[in-house]
**Student:** 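Before I ask anything, let me first share the structure, which is written out below as structure tokens.
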2 protein chains.
Amino acid sequence: MGESQEENKTLTIADIADALGVSKTTVSRAISGKGRIGSETRERVLKYIDAHNYTPNVIAKSLAQNKTYNLAVVMPGDYELIDLPFFQNCIMGIQEIASSFDYDMLLTVCNNADVTKLERIVHNRKVDGVILLRSFMNDVQVEYLQKKNIPFVVTGSSNYKGVVQVDNDHRAACRELTSILLMKRMKKIALIGGNEEHVVTQSRLMGFKDAFADSGTAVDESLIYMNLDNPVLLDGKLDDIIKREVDCIVCMDDAICMEVLYKLRREGISVPDQIRVASFYNSSMLETHDPSITSLDFDAKELGMLVCRTLLDMIEGQKVQKKTLLGYEVRLRESTK
Amino acid sequence: MGESQEENKTLTIADIADALGVSKTTVSRAISGKGRIGSETRERVLKYIDAHNYTPNVIAKSLAQNKTYNLAVVMPGDYELIDLPFFQNCIMGIQEIASSFDYDMLLTVCNNADVTKLERIVHNRKVDGVILLRSFMNDVQVEYLQKKNIPFVVTGSSNYKGVVQVDNDHRAACRELTSILLMKRMKKIALIGGNEEHVVTQSRLMGFKDAFADSGTAVDESLIYMNLDNPVLLDGKLDDIIKREVDCIVCMDDAICMEVLYKLRREGISVPDQIRVASFYNSSMLETHDPSITSLDFDAKELGMLVCRTLLDMIEGQKVQKKTLLGYEVRLRESTK
DNA sequence: CTGAAAGCGCTTACAG
DNA sequence: CTGAAAGCGCTTACAG
């Protein structure tokens, strides 16, 4: 009796203990690998588990250990379409690492203005840690998480003290690309940037200025146009920029770059003959564009993987590096010939 | 004594019971609203909870109720870039509904060939139900979920029996758009489709054929090109199609449509003067394209919301409609003038 | 209307 | 090396 194998009845640790004539403690130890246990006993338990296709109840484990084996990933709600591949690849990277450690990923969408979704998740104790996919100069999410003292990592850079961050080295990348443009004897370079509230915008701006400093040239501040993530505003400014007959337009991101290219086409201005164009970011759009557009290239998936690994380390209580910078590549293409 | 309010100590139901001099049972009932309880007692408990910022421990609740308050959303791993906004909007819709019912969304990426990630989640009992963002003619995920007898809903259509599905009415939409093209006296219409394994591809094909049947015209099967999601293959076939001097090219999705437009531009063939173009799907790419491209428009966010609502109903044990069809809009633009 | 008690399926001091 | 027992924070028959 009791020997029948009902496939549907989900096994518990108690069932296994009964079947094997050992205690639940022993079974638990065999599974977790913690605590002393005879290797022969362990083998027996493991073999039984394997044969009967047992999986521990993660919820019960969670309650006992006060851990959820879940990560929250916060995606900004106001993304540009063109940024989607970046987030997506990043998420793929996170997923890959998380699941390999038996963690799951709880995705939520938040605007910087509205953190209630994040609050709910944290307050409900549904996650062991949080990944922010974007950060702001004034970041309500960061402040909330710091206050709550919950492990979190920012994808990108943060100006807040003590925040663990993993980023590509945007500053160095923009510096290098800008230097190349300067070396190609472009004098009047216009820089068009988006939301100044994004930390990455600031990094890019600094990299741009670094290059000028390196070359001993003064930056013409009047050629730096910021906060032009709105297409209508941008369009107006572009009329100015075109009138000023710049050698090159450098766009801080691809959403802006696409608008610029669209405008130039409408105005019948040819790239690169009449004006050069480059972008500080790289979507596949730019690569297949005609002409192809010079840009910077970052590996979003790798970034996601590292962010996730860092967060898991923090959760396990290991020391982690405050700030990790990943590489980049400069893609010189036809638009700056 | 015991009156000090330590902000950091997380309250439990037992603390509240103690403080109020009632039993845990009573507190639980006041919170859940289940079971008989005096309204005065309930008020007292609720007031205390509110004042002390108590949130129930969802994990403990999960264990007791054998429910997780989590949903899994499975995103295909082999998506086209251009489809990303669809998935994203869908996910936004799901999120919105889920969180309003205090459910969270566990996102995972799976190829049809590899369901191990999904299996892990289900096996670990981390979710109460699953949403599949895409389905296949032969769908390992569907088969797995059916076998496991776990509530799930498919976004899109499924040919499997008994699967709950929410979809836009692709067939009717394609029928209507095709009918319009036929009425505009286009005779030779080439249809270019992607992966025949996707259920939606079949629906679109049927809609296309419906329109011909309606108009009493025979479909020229030789003008129907399928499985051309590979750009290189597509390019070759397009040479054929161009040679055959069709009036119009209808693309089953926007990835294909972009390739077609790219090819036509390279060949110096003007749209719509020399050839008309339409797409059975609508990305923002087509709208801003020059010329703008006639296409079908679906509301992905609405779809996501309804899918999620349906799944939640299933989880709560309510009867749900086997198949729900949502509307669409035909966007006639310059490319079929 | 209310409460004592058992239970959900694990983990983990503690004792041996 | 192994086990009995308490505990994680809820829910829910059952009894009153």
Side-chain angles (χ1 to χ4, degrees), chain A residues 8-46 48-49 52-70 102 123-128 316-317, chain B residues 8-46 48-49 52-70 102 122-128 315-317:
Chain A
N8 290 328
K9 212 296 194 183
T10 46
L11 282 183
T12 71
I13 223 171
D15 299 329
I16 301 173
D18 275 2
L20 261 36
V22 296
S23 72
K24 293 194 295 173
T25 313
T26 301
V27 177
S28 176
R29 281 203 269 256
I31 294 167
S32 68
K34 295 183 209 159
R36 303 182 68 80
I37 183 174
S39 60
E40 191 225 354
T41 322
R42 191 202 298 117
E43 291 309 321
R44 269 180 65 216
V45 175
L46 261 24
Y48 187 91
I49 282 174
H52 295 75
N53 197 23
Y54 164 81
T55 1
N57 183 320
V58 181
I59 301 290
K61 197 176 165 191
S62 293
L63 184 60
Q65 293 188 137
N66 198 23
K67 271 195 70 174
T68 64
Y69 296 95
N70 283 149
D102 228 7
H123 207 214
N124 280 347
R125 307 175 192 81
K126 297 261 279 204
V127 295
D128 300 331
E316 314 271 282
Chain B
N8 290 328
K9 212 292 192 188
T10 46
L11 282 182
T12 73
I13 225 171
D15 299 327
I16 301 174
D18 274 2
L20 261 37
V22 297
S23 72
K24 294 193 297 173
T25 312
T26 302
V27 176
S28 176
R29 280 203 270 256
I31 294 167
S32 69
K34 295 184 211 158
R36 303 183 67 80
I37 183 174
S39 59
E40 191 226 353
T41 322
R42 190 200 301 115
E43 290 309 322
R44 270 179 66 217
V45 174
L46 260 27
Y48 187 92
I49 282 175
H52 295 74
N53 198 22
Y54 164 81
T55 1
N57 183 320
V58 181
I59 301 289
K61 197 175 165 191
S62 293
L63 184 59
Q65 292 186 137
N66 198 23
K67 272 195 70 173
T68 64
Y69 296 95
N70 284 149
D102 229 6
V122 171
H123 207 215
N124 280 347
R125 306 175 192 83
K126 297 261 280 204
V127 296
D128 300 331
I315 290 172
E316 315 271 284

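Letters go in sequence order (proteins before strands), and every chain restarts at 1. Keep in mind it's a predicted model, so treat the numbers as computed, not measured.
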**Student:** On DNA chain C, nearest-nucleotide positions of B/S39 versus A/A14: which is more 5'?
**Tutor:** B/S39
**Student:** To the nearest angstrom, how far is B/R44 atom CZ from C/dC1 atom P?
**Tutor:** 16 Å
**Student:** Side chains of A/N57 and A/T12, heavy atoms from C-beta outward: is any pair under 4.5 Å?
**Tutor:** no
**Student:** Quick check on D/dC10: is either OP1 or OP2 less than 4.0 Å from any side-chain nitrogen or oxygen of B/Y69?
**Tutor:** no
**Student:** Should A/Y54 be listed as having a side-chain N or O under 4.0 Å from OP1 or OP2 of C/dC10?
**Tutor:** yes
**Student:** Of the listed nucleotides (C/dC10, C/dC8, D/dC10), which one gets closest to any side-chain atom of B/T12?
**Tutor:** D/dC10
**Student:** Can you find a side chain N or O atom of B/T26 that sits less than 4.0 Å from OP1 or OP2 on C/dG3?
**Tutor:** yes
**Student:** How close or far is atom P of D/dT12 from atom CD of B/Q65, stated in whole angstroms?
**Tutor:** 5 Å
**Student:** Would you mind reading off the distance between B/I59 atom CD1 and C/dC10 atom C1', rounded to a whole angstrom?
**Tutor:** 12 Å
**Student:** Out of D/dT11, C/dT12, C/dG3, which has the shortest distance to the side chain of B/S23?
**Tutor:** C/dG3
**Student:** Do the side chains of B/R29 and B/V45 get nearer than 4.5 Å, heavy atoms only?
**Tutor:** no
**Student:** How close do B/I31 and B/Y54 get, counting heavy atoms only, and between which atoms?
**Tutor:** CD1-CE2, 3.7 Å
**Student:** I want to verify a distance call: between D/dC10, D/dT12, C/dC10, whose nearest atom is closest to the A/A60 side chain?
**Tutor:** C/dC10
**Student:** Specify the residue among B/G21 and A/T55 whose closest nucleotide of DNA chain C lies further upstream toward the 5′ end.
**Tutor:** B/G21
**Student:** Can you tell me whether the side chain of A/R29 and the base of D/dG3 have a donor-acceptor pair closer than 3.5 Å?
**Tutor:** yes
**Student:** Is a side-chain N or O of A/S28 found less than 3.5 angstrom from the main chain of A/K24, in a donor-acceptor match?
**Tutor:** no
**Student:** What distance, rounded to whole Å, do you find between the two P atoms, one in C/dC1 and one in C/dA5?
**Tutor:** 24 Å
**Student:** For residues A/R44 and A/L20, report the shortest heavy-atom separation together with the two atoms involved.
**Tutor:** NH2-O, 2.7 Å
**Student:** Using a cut-off of strictly less than 4.0 Å, decide whether B/T41 has a side-chain nitrogen or oxygen near OP1 or OP2 of C/dT2.
**Tutor:** yes
**Student:** When we call it a touch if two heavy atoms are under 4.0 Å apart, what does A/V58 touch: a base, just sugar-phosphate, or nothing?
**Tutor:** nothing
**Student:** Whether A/S28 contacts C/dT11 is assessed here as follows: a side-chain N or O lying under 4.0 Å from the phosphate OP1 or OP2. Is that the case?
**Tutor:** yes
**Student:** State, with a plain yes or no, whether a side-chain heavy atom of A/R125 is found less than 4.5 Å away from one of B/T10.
**Tutor:** yes
**Student:** Any chance you could encode DNA chain D as dot-bracket? Rule is Watson-Crick or G-U wobble with both distances under 3.5 Å; [ ] for pairs crossing earlier ones, | for another strand.
**Tutor:** |||.||||||||.|||
**Student:** If you compare all heavy atoms of B/A17 against all heavy atoms of B/S23, which two are closest, and at what distance to 0.1 Å?
**Tutor:** CB-C, 3.7 Å
**Student:** Separation of B/L63 atom CG from C/dG9 atom P, in whole Å?
**Tutor:** 7 Å
**Student:** So, for A/Q65 and A/K34, which heavy atoms are closest and what is the spacing to 0.1 Å?
**Tutor:** OE1-NZ, 3.6 Å
**Student:** Would you say A/T25 places a side-chain N or O within less than 4.0 Å of OP1 or OP2 belonging to D/dT2?
**Tutor:** no
**Student:** Is the phosphate of D/dG9, meaning OP1 or OP2, less than 4.0 Å from a side-chain N or O of B/K24?
**Tutor:** no
**Student:** Picking from C/dG9, D/dG9, D/dG3, which would you name as closest to the side chain of B/N57?
**Tutor:** D/dG9
**Student:** Over all strands shown, is A/N66 touching base, sugar-phosphate only, or nothing at heavy-atom distances under 4.0 angstrom?
**Tutor:** nothing
